[in-house]
Structure formats: C-alpha cells, structure tokens
Amino acid sequence: MTPLISYYEIETSGQVSELHLYNLSSLDNNCKITCSAGNIVGENESTVLLNILFPPNISKLSDAYQDHHWCIPFSMSGNPKPELRWLLNGEPVIEGPYIMTMIHDFSEREYHGCLQLDSPTHINNGPYTLLASNKYGQDRKTVDAHFMRNPFEGGIGGPSSTAMSFSQVYVVVGIAAVAFTGFLLMLVMLKFGGNSKFGIKGASSVISNDDDSASPLHHVSNGSNTPSSSEMGPDAVIIGMTKIPVIENPQYFRSNSMLKSDTFVQHIKRHNIVLKRELGEGAFGKVFLAECYNLSPELDKILVAVKTLKEASENARKDFHREAELLTNLQHEHIVTFYGVCVESDPLIMVFEYMKHGDLNKFLRAHGPDSVMMGDGPTNRPVELTQSQMLHIAQQIAAGMVYLASQHFVHRDLATRNCLVGENLLVKIGDFGMSRDVYSTDYYRVGGHTMLPIRWMPPESIMYRKFTTESDVWSLGVVLWEIFTYGKQPWYQLSNNEVIECITQGRVLQRPRTCPKEVYDLMLGCWQREPHMRHHIKEIHSLLLNLAKASPVYLDILG
Ligand code: ADP
C-alpha cells in the first residue's frame, strides 16, 4: 500500500516515544505503521494498522440496468460502515423481498452494491436518493430511474408524449368512474355494513388484534392484512439478514364484523354430555371423547369430541362465543362439524363430531416406515399408506380449503396437525385454534405470546405478516409434503432461524422419496415466490382429484 501520510512528528521523552500523524485522509486507512527499535544486542519491531474514522462519501450512483434483477448501482465509503436508506420521490423506500439493498463487494476502500429491484413497474419509476450516514456525518446522491412506461400515459411516443387516443380517454374515464363508484360503495358499506356478512367485504380493513386466545382463522376481504409501515417500526427483530416486524399477536387478527348477526349457536345441556376418556390436550384445555344425548330428534346418542376451556376470563369467554358463532357458520364435508356449546357452568365446552383416528400428523407417522420407531410394536404395526391413499387425503384437505377460500377465510395455520382423520380415511380440516402444547417445536416465538408456524409460511408471511388465500396455498403445498413424507416436520434438519433464512432466500423443500413427479410439480406451483403466480386453490383441488381418481383407494386396508 502506498503511504499517503504527508506529515509526521516523533516526540520522545525518556523511554516513551509518540508518533504524531497529520493531514491524514480516508485513503490512509489500513496503512501499516511499523515501529522498529534496535541496539547492539538486537532489533525488534511491531506493526499497527491505521483505522481512520470518517463520514460517508457516495462516489457513484448510476443509471439503473437490468441483468438478473434490476440494479441501481452505487459505490460509497465511510468508517464505520454507513447505514443506507433510499428515498423515491422524497418518500422512504420500504425494503422487502422485491426491493432490497445489496452490498456485493468491498474493494479499493469502497463498498459497491445495488438497490436491487425484482420486476419493477412504472410505479417504481422516479428519482431515487441514496442517503448514507454514520456518526461522523451524512452524504446523499440522487439518480433518475426508469423501468417501465406508464401504461396510462400517452401513445407510442413514450412517457413524455401527452397525446391520448379516444380509446385511452375512455379507459381513463372508465377507471375513474369505477374508482369513484367503488369509493361510494365503500362509504355505504362502512355506514350500513356493520354486522352483515357481506358488509364485511368493504369494511374488514378495520381489523382488531386485541384478543389473545382466539382462532387463527381469518376473514379477509381485500386479500391482505399487511401491517402498515408504522406497525413495522420499532418492534422488529433482526434474524440473519431478515428484518421481521413483530406485531402483538398477529395470529389473532380478526374483524368483529365477520360474524353473521343472526348466527344461532346450539346450546347443549350439561346432563346430555357424558365424558368417556381424554383424547388429548389442546392449547386452551383438555379434549375428551364423550357421548352426547338428544343432539337431534332422530339420534339417541352419538360419540363427540368435547373441547374444554380451562381459564375462562371475561375476554376468553367473549372469544369463546365469537369462536362458536364462527364455527357454526362453517359447514362443509371436509371441515369438522361443530355441534354447539355448553356454557351452563365451568369449564366452557365446545362439542365437535368425533374423528376416530385423531390428528392427521400422528396418523401419518403411525402409518409410515418409522411407525415401529414411534412406539407401535412390530406385532400390531399398521400397514403403510399407499400413494393413492395419500392422494385421497390430500384431495380432501384441498376440498376443505376451496370452501374456506370461497368464504373469504384465511386459515393461516394449515398443517397436518390441524386436520383430523375419521373412519374410511375421511379427512377434515379440524382445528382453527393452536395445538401448540403438543407441537410446540412447529412454532416459532417472535416476541411476547406470538408463535408462528414459520415452516408452513411463505416469504411474504414471514417478512410482512401478509396472510392471504395465496399464503394458505403455500401452506397447502407444505401439507402435501408432510403427507408424502409420512408426517415429517418440514425442514426438520434446520433450526428456526435457518428455516427463516432458507425460505426468505427462495429455497424450497425437496421432493419426498415416495412422491410422484406430478405431485411435486404441484407443490412447486404452491411455492412460487410471487403470491399471484401460485396455483389457484380450485386448480390444486381438481388436479389432486384427477390424480386420486386415476389411482383408486382401497379403503378397507385401514379397516
Ligand atoms: P386445540 O385446538 O385446543 O389446540 P386440538 O384440536 O389440537 O386442540 O386437540 C388436541 C388433540 O385432541 C388433537 O391432537 C387430537 O388428537 C384430539 N382431537 C381434537 N379434536 C378431535 C376430534 N374432533 N376428534 C377426535 N380427536 C380430536
């Protein structure tokens, strides 16, 4: 390295010498200063590297170019390493999977990188300002970036042309008219839509997250409940390179208005419920097998599963009733049947149809190659599931999801642990609460009470808490993977932090050994990074149905 130091002095007093350097610049950084001392007996030397602190300097900010992604390239220096922020048209650019700052290289005492944009449109056009700051100062530079012509701007002449054809005028007028009508409709819905199921469509942007124990099943109207940028502010954790916003209990976003005002929840008398044995432990209390008498005139008694609510605070009771109304409104052959509640005394009880073979995850493990390892002795070892049985299971879950999507419900926690298996391999989506106690390693705690099933979540849910029908489709892909691995935990070989890194960087689960190509292709279609590129839920269902039909299931194998 060429020494650039222009002026120095050595001050010696007794045994101590001091070297004073003057007129240093950032270019002198990392220069080696060697001190040698010698006398008749010998010589010694010692070396230090110069560490010069200086404010940021942006030496280059150039026009955007495209290779794999779009890139606005920059070079800058500063010590300590400057923090970078971007403005577009003077407004902060919120970074995420589609727009992010990447530093590729540190050479010639400078950092070189890009603002990387994935498929930008005309909305991303404009002046980009790079702000670099550290505790010694700040620097900024601006460059104009132009990615795509605005489709609503004038003819072939490009963005500068102002001429509009008649048809374009019609389009613009049409869009304005539709937007205005939409706005009026929304005002009307907000005013009158209060409790009506259809009123929610316009009004569900009013989302409450005040409840702590409710279901993760969610009604969405706009297909999204992304937190606002203010919600992503101070409460964020940095995991690896990924900034994850922490929102108080995002699992439980829900709109109060999602329930029909006229929902009639059936009340069952306590003396009509006779408990038989414990089935399992849920997040809110024990689950029992019971006999239920006089449920309907034509039935004397039937077997049911009852879920108890152990701690019934005022809030928990409210949630319990809302949950019951919600469940009453969900009726489909692949959603577990909800019969009603019993609230005469504590504990509060919810009564469901009994599904003989319990949860699907345990069922898959019990019917897989590791079932001996899982504790079933070799003598009573159940037969392994066949491919056609797996398809039959998958097809039924997809049918349940088609129904939920048609009701504009987003499940947010679709996984085999939340599905139930009945007689003749009948499978239903059976849980809209969290089975966390038993499966706590499937969830990732991000702060306070918030537990997230990250192994089932797509990048946009992990990074922005965006949960939609499309994110449910991603989870359905993971459910397919669980089915074809006989209930393995997705990414079982990785820690939670590693899973987050993996998913946000675009890695997907590998094809299970027993999985046919068509089914793995389907999984890949569920795991497209862009939510709108993922398969539609109806498409997935009909593909699975066709595959299942092509290889009929011999149900009697399972008895
Ligand atoms: P929670 O939703 O409160 O967490 P779960 O639904 O996970 O509770 O129930 C805990 C366990 O109870 C399940 O793993 C399953 O084995 C059993 N279980 C729950 N519901 C039923 C049902 N309808 N039929 C049979 N077993 C059930």
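Along the sequence shown, residues are numbered consecutively beginning with 1. When a ligand or atom number is given, it counts from 1 through the structure's own listing order.
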- request: Examine the proximity of ligand 1 to Leu420 and report which part, side chain or backbone, both or neither, has a heavy atom under 4.0 Å away.
  value: side chain
- request: Measure from atom 23 (N) of ligand 1 to every heavy atom in His357, Met355, Glu353 and give the option owning the shortest one.
  value: Glu353
query: Quick one: is the NZ or CZ of Lys276 closer than 6.0 Å to the six-membered ring centre of Phe288, and within 45° of its axis?
result: no
- request: Would you mind listing which atoms of ligand 1 come within a distance below 4.0 Å of any non-hydrogen atom of Lys362?
  value: 14 (O), 16 (O)
Sidechain-backbone polar pair: Trp481 side chain, Pro490 backbone, donor-acceptor under 3.5 Å: no
query: Can a non-hydrogen atom of Lys356 be found less than 4.0 Å from any atom of ligand 1?
result: no
Atoms of ligand 1, numbered as shown, that sit under 4.0 Å from any heavy atom of Val287: 9 (O), 10 (C), 12 (O), 18 (N), 19 (C)
- prompt: Which atoms of ligand 1 have any heavy atom of Leu279 under 4.0 Å away?
  reply: 25 (C), 26 (N)
statement: Paired with Phe338, the side-chain contact (heavy atoms from CB on, under 4.5 Å) test is passed by just one of Asn329, Leu326, Leu330, Leu327, namely Leu327
- request: Answer yes or no: is there a donor N or O on one side and an acceptor on the other, between the side chain of Gln389 and the main chain of Thr386, under 3.5 Å?
  value: yes
- request: Pull out every atom of ligand 1 sitting under 4.0 Å from any heavy atom of Tyr354, numbered as shown with elements.
  value: 24 (N), 25 (C)
message: Using a 4.0 Å cutoff against the non-hydrogen atoms of Glu281, which atoms of ligand 1 qualify?
response: 10 (C)
message: Distance under 4.0 Å to a non-hydrogen atom of Ala305: what atoms of ligand 1 satisfy this?
response: 21 (C), 22 (C), 23 (N), 24 (N)
- prompt: For ligand 1, which atoms, with element, lie under 4.0 Å from some heavy atom of Asp359?
  reply: 14 (O), 16 (O)
message: Quick check against the 3.5 Å criterion: does Thr469 have a side-chain atom that pairs as donor or acceptor with the backbone of Ala405?
response: no
task: Mind telling me whether Tyr403 and His332 have parallel, tilted or perpendicular rings, with 30° and 60° as the class edges?
output: parallel
query: Can a cation-pi geometry be assigned to Arg417 and Trp456, taking NZ or CZ under 6.0 Å from the six-membered ring centre and within 45° of the ring axis?
result: yes
